[in-house]
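Worksheet: the structure to be examined is printed underneath.
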Amino acid sequence: MNTTNGRIAEKSRQKIVNALLVVMQQYDYKEITITQIAQEAKLSRKTFYRLFGDKEAVLSYLFESLYTECFTRMKAQGTQHYWDIVQCYFDFWEERKALLQIFGKSKLLPVLFDGAYRYSFNIFEYIRSRETVRQFSAQLPYLLAYSVGGMHSMLQKWVENDMTVPSRVLIGQLKEGFSSREL
């Protein structure tokens, strides 16, 4: 296998992802063309199509990379408990505030949720076990949809409010609210 071509292709993929993000700062995602992305990346349309089928594939690639990075961080931190996962998730996105705001402006946060839901199965398996995933396979899609849906709704609300509350404070308020007898 030619590793040089693989590295060149990966660099080109990154250029295309970065170009999409630059163009998204100026235009709504739905209006963006492949030509705009290729020109911003300083690559040909042919190269774009060799690496990605369409701009949705670029977005999928970006989201997959982000979720992989977040999951890798959770594992590196030895995250094992629900609230630690929530905190890690929000810390991760807080560091990428500008990126979240671009997604919010282009109304792509629901697409982000789809990826979070899909990745939640990997996180659950990491924390519990493959056997637990099999044992609760009927309930797990609903439990994770409920949990991830709540986290994602909170993430959307946070983005709508310009993420002015630090993630540590936000999660602290959430934990306090869940443990309060008055609420």
Side-chain angles (χ1 to χ4, degrees), residues 6-7 10-11 13-14 16-18 20-21 24 29 52 56-180 183:
R7 284 193 299 266
E10 187 53 38
K11 282 184 180 182
R13 279 187 199 91
Q14 259 331 114
I16 291 169
V17 167
N18 292 339
L20 174 62
L21 293 172
M24 283 175 64
Y29 175 76
F52 296 104
E56 285 73 23
V58 178
L59 201 57
S60 293
Y61 178 83
L62 170 60
F63 286 171
E64 183 68 26
S65 298
L66 289 166
Y67 283 116
T68 298
E69 187 180 346
C70 186
F71 184 43
T72 300
R73 177 185 289 188
M74 285 178 190
K75 288 173 26 178
Q77 291 177 355
T79 307
Q80 291 290 314
H81 302 287
Y82 177 77
W83 288 113
D84 296 334
I85 290 168
V86 173
Q87 187 65 64
C88 184
Y89 185 74
F90 276 84
D91 289 347
F92 178 83
W93 287 114
E94 185 172 39
E95 294 167 11
R96 289 151 187 82
K97 179 179 180 175
L99 192 56
L100 267 185
Q101 289 172 325
I102 291 169
F103 296 155
K105 183 182 129 230
S106 289
K107 296 177 180 41
L108 293 172
L109 291 176
V111 180
L112 189 67
F113 165 77
D114 292 340
Y117 174 71
R118 283 192 313 276
Y119 239 85
S120 67
F121 289 86
N122 297 18
I123 294 168
F124 187 86
E125 183 177 306
Y126 162 72
I127 291 171
R128 297 294 183 230
S129 70
R130 185 169 285 145
E131 179 54 39
T132 304
V133 169
R134 277 194 290 271
Q135 182 180 354
F136 294 98
S137 62
Q139 301 102 318
L140 199 55
Y142 300 103
L143 295 169
L144 292 175
Y146 178 81
S147 181
V148 174
M151 280 177 41
H152 189 73
S153 292
M154 200 169 111
L155 185 72
Q156 282 186 285
K157 188 57 66 182
W158 196 37
V159 172
E160 287 170 14
N161 291 314
D162 204 30
M163 299 170 71
T164 54
V165 177
S167 65
R168 293 254 172 231
V169 173
L170 186 68
I171 302 309
Q173 291 171 343
L174 184 65
K175 287 163 77 172
E176 186 179 310
F178 275 112
S179 63
S180 171
L183 291 178

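Computed from a predicted structure; not experimentally measured.
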Min side-chain heavy-atom separation [X]-[Y] under 4.5 Å:
X: L109; Y: H152; answer: yes
X: R128; Y: V133; answer: no
X: Y142; Y: Y146; answer: no
X: F103; Y: L21; answer: yes

My understanding is that only residues two or more places apart in sequence, or in another chain, count here; which of them pass side-chain contact (heavy atoms from CB on, under 4.5 Å) with [X]?
X: Y82; answer: V86, S147, M151
X: L174; answer: W83, M154, F178
X: N18; answer: Q14

Just by distance, do the side chain of S120 and the backbone of Y117 share a donor-acceptor pair under 3.5 Å? yes
Which atom of [X] lies closest to which atom of [Y], heavy atoms considered:
X: I127; Y: Q80; value: CG2-O, 3.2 Å
X: Y126; Y: T79; value: CE2-O, 3.3 Å
X: L112; Y: F63; value: N-CE1, 3.7 Å

Set of residues satisfying salt bridge (charged side-chain N to carboxylate O under 4.0 Å, His left out) with respect to E56, sequence neighbours excluded: none
What verdict does the salt bridge (Lys or Arg N to Asp or Glu O under 4.0 Å) test give for K157 and E160, after you've listed the backbone C-alpha separation in whole Å, the side-chain angles of each residue and the deciding distance to 0.1 Å? CA-CA 5 Å; K157 188 57 66 182; E160 287 170 14; 3.1 Å; yes
Return the set of residues passing ring-ring contact (aromatic ring centres under 6.0 Å, His included) with [X] (not counting sequence neighbours), or none when no residue passes.
X: F124; answer: none
X: Y29; answer: none
X: F92; answer: none

Name all pairs fulfilling the salt bridge (Lys or Arg N to Asp or Glu O under 4.0 Å) condition that reach into [range], sequence neighbours left out, sorted by first residue then second.
range: residues 59-69; answer: E69-R96
range: residues 133-150; answer: E131-R134
range: residues 103-121; answer: none

Before giving the answer on side chain to side chain contact (heavy atoms under 4.5 Å, CB included), spell out for V58 and R13 the whole-Å C-alpha distance, their side-chain angles and the decisive distance to 0.1 Å. CA-CA 8 Å; V58 178; R13 279 187 199 91; over 6 Å; no
Could you tell me whether the side chains of T68 and Y119 share a donor-acceptor contact shorter than 3.5 Å? yes
Those residues at least two apart in sequence (or on a different chain) that pass side-chain hydrogen bond (donor to acceptor under 3.5 Å, both in side chains) with E95 are R73
Not counting sequence neighbours, list each pair that qualifies as a side-chain hydrogen bond (donor to acceptor under 3.5 Å, both in side chains) and has a residue in residues 169-179.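 Listed by first then second residue: nothing to list.
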